[in-house]
Amino acid sequence: LLKLSAIEMFNLLAKEVSEEDRLQIILPFLISLFKDQTGQVQANALQGVITLLKSIQNNYQLSPTDFKIFQKYIAPEIWSLVRYKSGKQDDIVQLTFVSNIGDIAEIGQKMIELGLRS
């Protein structure tokens with residue numbers, strides 16, 4: 001319950017901080033929760049990552065350290081989370097992933113385009 005509350009708090013905080021802070025502070029926290037043992041925490045963290053990345057403006061200038069953030073960090077972490085692991089994967093994580101696959105694709109495209117412009 002504490003981790004679910006923390007996810008909600010960080011989602012609210014993300015609306016009030018800069019895009020750089022979202023990528024440098026909030027995103028790593030949410031992604032760290034992909035390794036939680038609870039499917040609900042993992043699913044909420046995934047939804048939080050998607051919501052956070054959708055909020056990044058199309059004209060945002062990625063820093064040199066974030067140039068390939070989607071390809072080298074975000075996508076591998078998402079794929080690792082949703083990859084089926086011999087019965088250990090909660091259906092809620094898979095449902096969250098497939099329900100947002102279009103958004104994930106759009107986010108990937110946007111982040112790669114932002115990287116190309118940086």
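Every value quoted in this text rests on a predicted model; they were computed, and no experiment measured them. Numbers for residues simply follow the sequence, beginning at 1.
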Could you tabulate the donor-acceptor pairs under 3.5 Å formed by side-chain atoms of residues 104-111, not counting sequence neighbours?
from, atom 1, to, atom 2, distance (Å)
Gln109, NE2, Glu113, OE2, 3.1
Lys110, NZ, Leu53, O, 3.0
Lys110, NZ, Lys54, O, 3.2
Lys110, NZ, Ile56, O, 2.6

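Taking CG of Leu81 as the reference point, atom CD of Gln94 lies at 8.0 Å (rounded to 0.5 Å). Separating the CZ atom in Arg117 from the CD atom in Gln61 is a distance of 8.5 Å, to the nearest 0.5 Å. The CG atom of Asn44 sits 7.0 Å away from atom OG1 of Thr96, with the distance rounded to the nearest 0.5 Å.
Side-chain contact between Phe67 and Leu62 is absent, with no heavy-atom pair separated by less than 4.5 Å. Residues Leu114 and Asn59 fail the side-chain proximity criterion, which asks for heavy atoms closer than 4.5 Å. Side-chain atoms of Arg22 and Ser55, non-hydrogen and from C-beta on, do get closer than 4.5 Å to each other. In this structure, Ile101 and Phe97 have side chains that are in contact, with non-hydrogen atoms separated by less than 4.5 Å. Side-chain contact between Lys68 and Tyr73 is absent, with no heavy-atom pair separated by less than 4.5 Å.
For the side-chain hydrogen bond (donor to acceptor under 3.5 Å, both in side chains) test, no residue two or more places apart in sequence or in another chain qualifies with Ser32. Scanning for side-chain contact (heavy atoms from CB on, under 4.5 Å) contacts around Thr38 gives Asp36, Gln40, Val41, with sequence neighbours left out.
At a cut-off of 3.5 Å, with distance as the only test, a side-chain donor of Gln24 or Asp66 sits close to an acceptor on the other residue.
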Self-check item: Steps toward side chain to side chain contact (heavy atoms under 4.5 Å, CB included) verdict (Gln47, Thr51)
Solution: CA-CA 6 Å; Gln47 188 63 59; Thr51 301; 3.7 Å; yes

Quiz item: Given Val93 and Phe34, is the side chain to side chain contact (heavy atoms under 4.5 Å, CB included) satisfied, shown in steps?
Solution: CA-CA 10 Å; Val93 175; Phe34 287 3; over 6 Å; no

Exercise. Before giving the answer on side chain to side chain contact (heavy atoms under 4.5 Å, CB included), spell out for Leu52 and Phe10 the whole-Å C-alpha distance, their side-chain angles and the decisive distance to 0.1 Å.
Key: CA-CA 9 Å; Leu52 180 139; Phe10 273 99; over 6 Å; no

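Counting heavy-atom neighbours within 6.0 Å of Leu116 CG, excluding the residue itself, gives a total above 12.
Salt-bridge check for Glu77 with Lys35: passed, with a basic side-chain N closer than 4.0 Å to an acidic carboxylate O.
Cluster annotation: Trp79 and Leu27 are assigned to the same hydrophobic cluster (Ile/Leu/Val/Met/Phe/Trp/Tyr, side-chain heavy-atom contacts under 4.5 Å, transitive).
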